[in-house]
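Quick caveat: nothing in here was measured; it's all calculated off a predicted structure. Throughout, protein chains are lettered first and strands after them, A, B, ... in sequence-line order, and every chain is numbered starting at 1. When reading the values below, keep in mind they use all heavy atoms of this one structure, side chains included, and skip hydrogens, waters and symmetry mates.
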Amino acid sequence: MKARNLIDLDDFSMEELDEIVTLAGDIIKNPKNYAHACDGKILATVFYEPSTRTQMSFQTAMLRLGGSIIGIDNPAGSSITKGENLKDTIKIIGGYADIIVMRTALEGAAKAGSIYSKCPIINAGDGGHLHPTQTLTDVTTLSFELGRLDNITIGLCGDLKYGRTVHSLVKCMVKYKNNKFVFISTPELTIPDYIREILDEYGCEYSFVDNLNDAIPELDVLYMTRIQRERFETQEAYEKQKGIFVLDTEKLKNARSDLKILHPLPRVDEITDEVDYDPRAIYFKQAVYGMYARMALIMKMLENSEGYEPTRVYSNSELKCKNPKCVTVLEPYLPTLVIEKDGKHVCEYCDKTIG
Amino acid sequence: MKARNLIDLDDFSMEELDEIVTLAGDIIKNPKNYAHACDGKILATVFYEPSTRTQMSFQTAMLRLGGSIIGIDNPAGSSITKGENLKDTIKIIGGYADIIVMRTALEGAAKAGSIYSKCPIINAGDGGHLHPTQTLTDVTTLSFELGRLDNITIGLCGDLKYGRTVHSLVKCMVKYKNNKFVFISTPELTIPDYIREILDEYGCEYSFVDNLNDAIPELDVLYMTRIQRERFETQEAYEKQKGIFVLDTEKLKNARSDLKILHPLPRVDEITDEVDYDPRAIYFKQAVYGMYARMALIMKMLENSEGYEPTRVYSNSELKCKNPKCVTVLEPYLPTLVIEKDGKHVCEYCDKTIG
Amino acid sequence: MKARNLIDLDDFSMEELDEIVTLAGDIIKNPKNYAHACDGKILATVFYEPSTRTQMSFQTAMLRLGGSIIGIDNPAGSSITKGENLKDTIKIIGGYADIIVMRTALEGAAKAGSIYSKCPIINAGDGGHLHPTQTLTDVTTLSFELGRLDNITIGLCGDLKYGRTVHSLVKCMVKYKNNKFVFISTPELTIPDYIREILDEYGCEYSFVDNLNDAIPELDVLYMTRIQRERFETQEAYEKQKGIFVLDTEKLKNARSDLKILHPLPRVDEITDEVDYDPRAIYFKQAVYGMYARMALIMKMLENSEGYEPTRVYSNSELKCKNPKCVTVLEPYLPTLVIEKDGKHVCEYCDKTIG
């Protein structure tokens, strides 16, 4: 494992991803062998935005490895209120802990933290930008529930436009052979163009369907997500459409007997309570896979992490990112980092095009 | 120990209760023998309502057994704000933890949680309904401080109408031989009828006294509770009455030299500061007994808990509970569970009569 | 180590302070030897006021010694909202934990807590009054970074009037031989008279300088602190003055090559970002020394702490402290404790003169 941090799942090669999934599998089989794997190590959760489930998943993962946990989960109680910047917070907590898990509303904040941290940083969500450990969870679940990561027909249903877990899962699954994608949503909430470009680049088969009933029979996997009421223009539009994308036992009658239903959770009403009793519903099991995937991730990140000192990073451009949600806007001391991609300038923190 | 959860102290047989108290006694004598009894186990505190003392007592209990703790104690930061229901929260946390301690404002919520949880649920208070580990604390304290649980004259003073710790203690102590109860309160704040019926059913001796001075000389145990100002019709009524029920050193002059003074805490002003220095005041010691009782409880609940999968529970009635504080009101997917008791229909969640 | 609590650093003799610093040094060299030094012990953080950094430093310290942590860090969730007094809170938590770290807005609160606690109390800040573990951190840092605690020329810059870390550091460093102090601030924000009296009492050399540039060349140590905008009469006065006391790379050009720059943190803008890359800036390292100093402190405080029962403390005076921030104002059951100092009556809780 060469990667020092997990900011974006793309930081990992397919081999590294495979290493983590394989290790997760061994932990599931022999948990006692790992009960002291992180004895004496401390994981700090730095959550500027609440996310109980993600935080608990990481905390449990570390405790089940024999490690300890400290954390900020109450932003009002943290030094941010006294005006401390992210750099100082990370430098101090990086001096206490062995590994840091960060959650923020600002895009690129985990990347920013990794510039200053002595210890590995895991991105547990930076605004609407990335949430790589959710995708790690999804991939681990598919790997063990299907026994493969290729040759899968995956339906993705709900808010495909804003759903970062959907984008991230697609970006990951295109890399495996013969995966086919069915996008189930209203035309307004379908995947953004850049995801389409990635699908084309990898030569993947994909289709668009505007209701769940038509799509369900051919699926190996159905990845459900929440549609937020706010995404619809009117309450009527919402009421009219929502039933079409709600998974219930009626719609399941047409599905394959070995379908796997996933959901990143929390669920609101896009899956009815009745479905929970169907053996094809594995979203609660998926949360448990998430814990094991995070155990494997923590172990891998702690390998060779000792004695690291971050070297100074200098700006590589005069450009300024204009994304109002980018961490560079609130933390102006950050070096400007811009890369060229297809002739465009892209901010390395938030991945948005500049200018 | 057959019981899988502790929702209501009535879930335990007298033998099971005795098992826990006996184990607590052995932990007190030989704490080192238990320092690793729960190594590798995780206790989750799911507190939707703050209760620092109860939460800390459970956390300390688990840590002193070698286990670890995770928890929600900041409802605003939990998924409830994203609209997640209790079932999903419990299913997910039950996938991370080995045992769950729940505290909620809704009556019957711990019972509801136990329907979906893979791991044991301990009720740490569900609204004004039940708080069984407080009674476990009280019984453990009496057992070790008096050396017996029978033949005790117990005075209960304060708000006997709404005080759930009072009701629960009486319901438990009636089962032991020759216990006598003295209820010390204003007539308006005396015990509810159903407690009186239980006393009669067990053939217990009991009396009502309207001031502490008259009652105190004959008592083996004085169980003090808080009277909330809001319970009185006027501020004058409160001012006039409250002194009569405040325990001070003057009133203690008439008490037996081996009296035991208990209080579930927090105390406000119903016991004066001076009384703390009287050796008969054991309410702070009682809090320590509570920690040991919870250690014993956690150990017992974790026995044989592994590998359990909850089976689906179906509604057994068409009736709907109308108690606005019942968990079934806010969580409508819950199966309706009704039992018949003395010809009446009773909600199994909140124990209120229906219709 | 005779001291039972750390309320004021003056509670420790110079020998005791040296014991702690020496132990901290050994922990830094051989951390593995101490990984189980506090196995089975529980540290409770009782933080009525948020201070993430201090709390995390103590939590990490205890975890790295093999101990466990519990805590109140959400005052709204603690029993204070139900009207419980400090005495009861400390008596209960002292029954659960082995050592308590307290942080409060009220002056003298840690002292008050120590009267009732079975277990040692460490003061982690009581209002603007004392913050002894910060000074312990500073002294530990100087000891290891300079190799000595005497013959040092120390510049202290910023808000010297209200900065309790400044006062506390001076009070400690005067005790070592030949230390020289340079106070760098506006005349309005210079040290209070009582600090001057202490300097004179110990016969220390000291001077006052009204800008950082003039002072910097002769310093071995520069202790920077924050100047709060509120301290200035007008926004203009602030804008005009602040640059004079901001440390930047330009001012550092005139400094010695072996200067050590300290800061208690959080920093706002009194040290520019550029300075962080200068090897003379050791404020982040200082935070790590703080963790080791707290490890040593916890170990020392836990020695011989078992089996202690606090004896009753009686008022020794009829006088009442009139400091509105003194803990005795909100907690009237506290015994009045007054000592005579230079013919004046001084409150033992908040150290303010009475009458």
| task | Step through the shown structure and confirm whether more than 12 heavy atoms of other residues, nucleotides or ligands are within 6.0 Å of NZ on A:Lys352. | result | yes
| query | Within a reach of under 6.0 Å around CD of A:Glu340, are more than 12 heavy atoms found that belong to other residues, nucleotides or ligands? | reply | yes
| task | To the nearest 0.5 angstrom, please state how far the NZ atom of A:Lys91 sits from the CG atom of C:Leu265. | result | 11.5 Å
| remark: The reported gap from OH in C:Tyr283 to CG in A:Asp88 (rounded to nearest 0.5 angstrom) is 8.0 Å
| query | Are the charged groups of A:Arg312 and C:Asp276 less than 4.0 angstrom apart, N to O? | reply | no
| task | Using non-hydrogen atoms and a 4.5 Å limit, figure out which bit of A:Ile69 sits close to chain C: side chain, backbone, both or neither. | result | backbone
| request: Kindly compute the distance separating OH (A:Tyr96) from CZ (C:Arg53), expressed to the nearest 0.5 Å. | output: 6.5 Å
| said: For the NZ atom on A:Lys118, are there more than 12 heavy atoms of other groups (residues, nucleotides or ligands in this structure) within a distance under 6.0 Å? | reply: no
| Of all heavy-atom pairs between C:Pro266 and A:Glu84, which one has the smallest distance, and what is that distance? | CB-OE2, 3.6 Å
| Closest contact, heavy atoms only, A:Ile92 versus C:Ala287 | CG2-CB, 4.4 Å
| query | Could you give the distance from CD (C:Gln59) to CD1 (A:Ile42), rounded to the nearest 0.5 Å? | reply | 9.5 Å
| field | Over 12 foreign heavy atoms within 6.0 Å of CD, A:Glu306 | value | no
| field | C:Ser57, part contacting chain A, at a heavy-atom distance under 4.5 Å | value | both
| query | What's the spacing between C:Tyr277 OH and A:Tyr314 OH if we round to 0.5 Å? | reply | 8.0 Å
